[in-house]
Structures are given as C-alpha cells and as structure tokens.
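Data block below; observations after.
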Amino acid sequence: KEKYGLSARVVTNGLRLADEEYCKKLLATGTQVMFSFDGRSPKIYERTRKHPKALEKKLQGLENVRKYRKSKATIMCCVGEGVNDEYLADLIDYCHEGRDFIAALDLIPLVATWGPEEVDAKTSTVEDVERMMTKAIPGMEFVPAAVMYRFETLLSTFNVGRLTFGGAHPNCEMVSLLVSDAKGYHPPSRFLKRPFQEAVRDLLQLDREMGKNLKSHWISNLFGRRGQRFVYGKALWKLIRRNLDLDEIFGGSPWQGAARVGWDLLRGRKFKEVLRRHTHLHGILRVIVLPFVEQDWVESARLVDCPANFAYEHPKTKEIRLMPVCAWAIYKDDILRVTSEEYGLDHKTGQDGLTGLKNRTDIEPEAAIN
C-alpha cells in the first residue's frame, strides 16, 4: 500500500478477527474487510462449516471490526436453499443494526462441490438467490450489473466514475438496493410509484433519448458541457418526480420537505445528513449476487466478459498475469501455496486460520503443527 499506492482488501472468514489486538493492528492499515458471514444461526455453521464455535467467533470478529474500522465492511454470504434461506431476513436485520459499519452485502450462490463426505445441500443458481431474497424481503428486485454501462450518455455527461461490475455478462452479477428508514431496510419500490425494474427501464429510455437530443439542443451547443448537464439534469428531474413517491419519502408535506432539503444544501450541510434530517431515506445497503465458478461449474461466456481481474505474480517466472475474479477461486490455492514457498512464508492453516504470513524460521513448531 505504501510502496505502490494501491488500496488493500482482505477477504476473510473472520475467525482471526475475534482476536481484538490482531483485528486492531490489521484495520489500522486502512485495509477494507470483506467478511464471510452466512447468518446468525449456529445451525448454519454446524451444517456447512463443521465448526460449531464459528458463529461465536464471527460475531466477536464483527464487533471488533465495528470498533476499529477505518472504512465500512462488506458482508459476504453464501446462500443455499435449506441451509440459510430462512435466516436471510434476520441477516438483513443484522446489517441494518450494523449499518454504521456495514456498507454492502454480497450474496454468493452455494455450489455443491463436496468431497467424499455426503452433505444434504444442493447447488443454488443466481435465480435461486433472487427468489430466496424476494421471499425474505417482499418486493425486492434485482437488475443485471451489466446494465450500468448502458447509461452511456449519463456516464459521459456527469463523470460518474468507474463502475466495478459494469460491462459484466448479463447472466453474472445482479444488483439491488435496500433503503433504510431508520427502523429497517426496505426495497426501493417502497419509495417509488412503480416497480424498481420499470424505473430502471425508464432511465435507460431517457438515456437513449438524451444521447440524440444533447447533440442538437441549443443550450448544449451554446454552453457546451455545462449546457449538456443542465439539459440532462432537467429531464432527469422530471423522471424522478414521475417515479418517486414523495409522500412516502417526506412523510406528509413533500413540498415543505423538499424546500427544507434545498435550504440545508444551500447552507452547506452534507447531503446524507440532510436526507436523514428531512426524509425517510436514512441510507442504503448495496446488495450484489456474485456467482463464483467452481471446477465443475464454469460458464465460459461469463469469464470472457469479466471486467474484474486478479493480478498476480507467477511464482516461477515472476511475470504479472491476470485472471478473471471468478476463476481465481479454482486456481488460487495452488498458486498461493507455491508463491508462499518461493518466498519462504508459512501457509499452514488451522481452526483459527493461518498461523500467519511469517518467515518459517519465526514460527513455533507447535503453532505450525496446530
């Protein structure tokens, strides 16, 4: 991080983070944590992880993250029908209780790639996860992450910036939002006059129209980039008014609420603070379905179109290579094991995770064995 200016993330099962001092040192680096947490029932971990004490350690780890974080964490939940589907609503409640330190929820379809031991669990698809979430949170809707790059005019006019999953295969990442009213999370349709997917389609249609209109509109030609933003912004405001349920958002007198929001923004107050003060919009939880591939479960088209890659150093040739994020799960163990050996680092694991990325000569023999 210091040498190359790169941001760092740690994807973890969270067991080591139950050690408060370890968690404190890790988060002091500014590392963002992506924490594996499948729900608040010990039955989940007894069945899939064969680790009955995992839940207790995970909950302690999450509290330590809450205490020492420098940025919000992402919860990564492996979703399986008959495994934790009945606990998804409670997981959303937990995310809301921890909204001060949880920014996003990644849902990973469970893929049954068990070993010789037989486990009563079946593979889940992206569609299965959507169905389970809709049952847990009635009214919840998903759209393909690929749709983000369809807003070509919007992206070029307002400099929205990089979209992590934009351009992915249509049958890959699916995205949604949950909106907090300070009491709990609700699907966007709670604050819309129409379903979320229809509102997204309306915005796509507007973007296509703006792509043609901005080139010929007299304000765009006269004022250039600023004129384009004004024309698009005006049309966007009309679309927002047509789709938003202002009574639900402001609760009672929408025009007075809108006036208060405008006045506070003019006075320089922060946008999030203004929304919490004058509306029922108190924050959002980003929800993404991430279908990783497994050895016997590969969609090549998804990998070809993948806009997100892992960069890694080949352990022998030292050349830098790229690999689609989803495929990394298949090959990473062998690559990292050889890499660790090449640099003389420990890669032994146990009940509490790695004994640590230390030089092998620094590790107590008992710790390496345990």
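Because only heavy atoms are used, hydrogens play no part in the values below, and waters and symmetry mates are left out as well, while side chains stay in. Predicted model only: the values in this text are computed from it and were never measured.
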Distance (rounded to the nearest 0.5 Å) between Leu55 CG and Asp38 CG: 10.0 Å

Identified side-chain hydrogen bond (donor to acceptor under 3.5 Å, both in side chains) partner of Glu273 from the options Arg276, Arg269, Lys270: Arg269

May I ask you to decide if [Y]'s main-chain N or O and [X]'s side chain share a donor-acceptor pair within less than 3.5 Å?
{"X": "Asn84", "Y": "Gly39", "answer": "no"}
{"X": "Ser176", "Y": "Val287", "answer": "no"}
{"X": "Asp181", "Y": "His280", "answer": "no"}
{"X": "Lys72", "Y": "Ala104", "answer": "no"}

Hydrophobic cluster membership, Trp255 vs Val261, 4.5 Å side-chain cutoff: no

ILVMFWY cluster, Leu192 and Trp237 together (side-chain gap under 4.5 Å): yes

Measure the shortest side-chain to side-chain distance between [X] and [Y] over non-hydrogen atoms and say whether it is less than 4.5 angstrom.
{"X": "Phe35", "Y": "Leu62", "answer": "yes"}
{"X": "Trp263", "Y": "Val274", "answer": "no"}
{"X": "Val33", "Y": "Arg69", "answer": "no"}
{"X": "Glu141", "Y": "Pro188", "answer": "no"}

Qualifying ring pair (Phe, Tyr, Trp, His ring centres under 6.0 Å) pairs with a residue from residues 66-111, counting only residues at least two apart or across chains: Phe37-Tyr94, His96-Tyr185

Smallest separation among heavy atoms of Thr339 and Pro315, with atom names: OG1-CB, 3.6 Å

